[in-house]
Amino acid sequence: MKNKMQEQRESLPIFPFKQDLIAAIREYQILVVVGDTGSGKTTQLPQYILEGIPNAIVAVTQPRRIAAISAAYRVAEETGTKIGDLVGYSIRFEKVASKNTKLQFLTDGTLLRTCTTDPLISQFNCIMLDESHERSLDTDVLFGLLKRACKQRPELKVIIMSATLDIEKFQDFFDAPVFSVPGRMFEVDVLWQKTIKFQTLKTTFVQRCVETVMHIHKTEEPGDVLVFLTGQQEIERCAKNILDLHKELNYNLVRHRDSVKDMVVYPIYSSLETLQQKAIFEKTPKGVRKIVLATNIAQTSVTVPGIRYVVDCGFVKQKMYDHKTHMDALLVVPISQAAATQRAGRAGRTENGKVYRLYCKEAFQEMSPTTVPEIQRSSLLGTILYLLKIGIKDVLNFDFIDAPDPELVQTGLKQLFYLGAVDKENRLTHLGKIMSDFPVSPFLSRCLISSSQDFQCSDEMCTIVALLSVEDFYIQPRSEKDQALAEEKRQEFYDSSGDHVTFLNIYNAWRDSGYSQDWCRDNFFHYRALNVAKNIRSQLLSAMKQHKLEIYSLTHKQKIPPSCRQPILKSLCSGFYMNTVKKQKGKTVFYPYIASLEGQSTLLFLSPQSSLTKIDQDRLDWVIFNDVQFVTRPNMRITSRIDFEMVKVLFGRVDIKHHKMEEEFQTIREVIDPMHNEEHGLRNEVHSNQVERPVDLVELKRKSARERFLERKKQK
DNA sequence: GAGCACTGC
């Protein structure tokens with residue numbers, strides 16, 4: 001007799017294909033499996049392999065930690081085994097697996113890390129990359145590595161699992177057959193806006209979302225609504241406007257007033273405290289319509305149950321890295337067709353649904369078919385160091401599924417040379433080898449090594465580096481009263497040298513509170529973020545010990561005395577001396593030192609959150625910063641005051657003209673340029689949809705100023 | 001004139 005779980009498994013859309021799938025996996029070394037959400041591929045296919053392929057040791061990668069854990073638990077349950085026995089998982093800080101484990105769920109990043117000591121991934125003989133269509137930086141690197149490993153290990157099986165229709169690219173890259181599995185989706189009606197250009201929509205989409213939500217509430221049958229917006233500010237503005245309109249709503253005008261009697265509005269974005277997020281998943285009382293206003297977090301990471309209507313504004317905030325200025329620009333850009341389809345799909349999870357697209361059909365046709373992969377819009381410093389570490393000497397000709405801009409690779413190599421991680425021939429140095437073993441950016445690992453070898457403050461630096469590796473841990477309260485209170489509380493942690501030592505003071509105070517959650521709440525810090533930093537800190541300490549780098553502590557005092565600042569700042573300079581800026585006298589603008597030597601003039605500003613904004617501006621002269629982010633103007637995030645003497649010695653490396661490398665790039669570029677041009681056609685198309693580009697920052701600034709102006713005008 | 005989308009080691 002079959003049990004209930006068995007029946008459930010056999011009712012999944014993938015089940016009828018079980019034998020065919022096993023046969024295909026046996027026959028081909030690489031297989032691309034395409035299937036929509038709900039097909040059961042993540043949980044079933046690994047089990048089919050365990051049943052059908054003898055001696056299989058399977059790894060399944062997921063882009064997110066939570067996905068790896070929950071898939072592992074599901075499969076363990078279905079196989080009737082304890083987690084960590086036959087089925088396990090492995091993510092950062094957490095490994096639940098034993099020598100009996102035949103099936104392991106990992107994050108892409110974890111598998112990539114294990115490749116540093118084992119580039120052919122010999123501990124597994126079957127590797128499945130799930131959610132490949134998301135094209136994270138890590139999956140893209142894994143694509144290349146797996147293709148390489150397949151050539152050297154004929155017995156290795158690789159399965160690429162993807163949800164999109166953009167499968168030809170995978171098919172071509174891997175030269176592998178495609179196996180398509182139907183999904184289980186309910187029908188979703190698509191409603192288009194009649195005629196509207198992205199340009200117009202961009203300044204008005206918040207208001208249009210408000211109107212659409214009210215329209216749905218007034219005319220549609222009961223069912224919850226999910227609205228895709230771009231960010232926290234837009235969400236809060238939208239929520240306020242909806243609630244204002246709802247107050248004046250006359251329910252006699254509501255078509256389904258017998259079953260629609262009220263509404264409740266929930267915002268959801270990643271920095272929201274977890275408690276507030278919980279409410280979204282609870283069922284609303286009968287007659288109450290739930291309106292969820294979400295960022296892109298709801299497109300992949302978070303599933304809100306019971307959604308019947310989706311409102312898609314057509315935009316997303318996306319990071320773009322500009323290699324010339326090393327700035328990250330966060331831009332509001334039109335989404336891709338693939339993203340639009342995914343958003344729409346959120347309406348058909350439990351029953352038939354509807355999607356209201358705030359753009360017209362023609363605008364959809366103009367959207368790029370897929371999102372620009374992350375590897376083409378990120379700093380490649382860490383990736384290059386990683387590839388060198390695992391023995392790929394010619395990073396420029398590494399087999400990427402979508403090659404990054406060669407200039408981006410060149411910039412990355414140059415910066416690694418500045419850090420001493422590669423020599424003039426682009427070979428990994430001893431220092432670079434050690435740096436690549438730290439799970440932080442090369443800038444930060446350079447600081448760590450220096451803090452031990454040169455300045456004897458490695459304990460303190462582990463704390464600072466850990467804090468620099470986590471998301472923003474400052475809570476920005478909504479009310480002005482709480483903002484003032486937060487400001488007052490933080491006063492006691494400030495160090496006049498700037499943010500880095502201030503961070504250290506905050507962490508030490510938290511440590512002395514016994515890592516208390518209440519302390520975090522009272523002082524307006526995110527407990528979750530500080531806790532991650534605590535874990536990273538201990539991971540860094542053990543990496544230091546592994547490389548026989550001494551742990552020195554400057555002081556056990558909670559607040560760092562001024563006499564201890566120098567070694568900390570000097571260590572930071574060894575990683576961030578390229579980010580040295582000088583303040584212009586009498587103004588609040590800063591000039592990057594290296595860029596001005598090269599005759600470029602970029603202006604930078606202090607981020608409004610920096611502790612350096614609190615001190616007398618005339619006392620500022622030389623400053624180093626962690627990174628620059630461009631929203632409306634280029635702001636330096638996390639800054640500290642330094643003496644020029646601290647960085648002066650380090651600039652020796654920069655003055656050496658990188659002749660050898662420049663020459664090499666000239667010849668290499670000629671060879672790969674045709675390929676690059678081919679890429680270009682596609683990329684231009686992608687760019688043409690974007691209203692703004694990070695390249696011309698002046699133009700960007702002008703445009704955003706105008707948009708704000710128009711919006712203010714509209715609100716009046 | 002002023003603030004950041006989402007992941008991961």
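Residue numbering restarts at 1 for every chain, and letters A, B, ... go by the order of the sequence lines. Only heavy atoms go into these numbers, but all of them, side chains included; no hydrogens, no water, no symmetry mates.
One interatomic measurement links the two molecules: CG of A/N296 to P of B/dA5, which rounds to 11 Å at whole-angstrom precision. B/dC9 atom P lies 21 Å from atom CE of A/M435, rounded to whole Å. Rounded to an integer number of Å, the gap from A/D138 CG to B/dC6 C1' is 14 Å. When the P atom of B/dG1 is taken as reference, atom CG of A/L603 falls 13 Å away, rounded to whole Å. Rounded to whole Å, the distance from CG on A/L137 to C1' on B/dG8 is 10 Å. Across the protein-nucleic acid pair, A/Q342 atom CD and B/dC6 atom P stand 15 Å apart, rounded to whole Å. Rounded to a whole Å, the CD atom of A/Q318 is 13 Å from the C1' atom of B/dT7. Distance NZ (A/K317) to P (B/dT7): 15 Å, rounded to an integer number of Å.
Within the structure, a side-chain polar atom (N or O) of A/T110 is placed less than 4.0 Å from OP1 or OP2 of B/dC9. Using a 4.0 Å cut-off, some side-chain N or O of A/R65 falls inside it from OP1 or OP2 of B/dC9. OP1 and OP2 of B/dG8 both lie 4.0 Å or more from every side-chain N or O belonging to A/T107. For B/dC6, the OP1/OP2 oxygens have no side-chain nitrogen or oxygen of A/S301 closer than 4.0 Å.
The 5' end of DNA chain B is approached more closely, in terms of each residue's nearest nucleotide, by A/E234 than by the other of A/E234 and A/V440. Between A/S441 and A/Q232, the one whose closest nucleotide on DNA chain B sits nearer the 5' end is A/Q232.
Side-chain atoms of A/S378 do not come within 3.5 Å of backbone N or O of A/L380 as any donor-acceptor pair.
Electrostatic pairing of A/R64 and A/E131 does not count as a salt bridge here, judged by no charged N lying under 4.0 Å from a carboxylate O.
Comparing B/dC6, B/dC9, B/dG8 against the side chain of A/I91 picks out B/dC9 as the nearest. Nearest to the side-chain atoms of A/P439 among the listed nucleotides B/dT7, B/dC9, B/dA5 stands B/dC9.
A/E471 comes within 4.0 angstrom of no nucleic acid atom, judged by non-hydrogen atoms across all strands. Within the nucleic acid shown, A/R64 comes within 4.0 Å of sugar-phosphate atoms alone, with no base atom in reach, counting heavy atoms only.
With 3.5 Å as the limit, one finds no donor-acceptor pair spanning the side chains of A/N535 and A/R92.
Checked against ring pair (Phe, Tyr, Trp, His ring centres under 6.0 Å), A/Y474 has the following partners two or more places apart in sequence or in another chain: A/F525. For the side chain to side chain donor-acceptor pair (under 3.5 Å) test, residues two or more places apart in sequence or in another chain that qualify with A/Q62 are A/D130.
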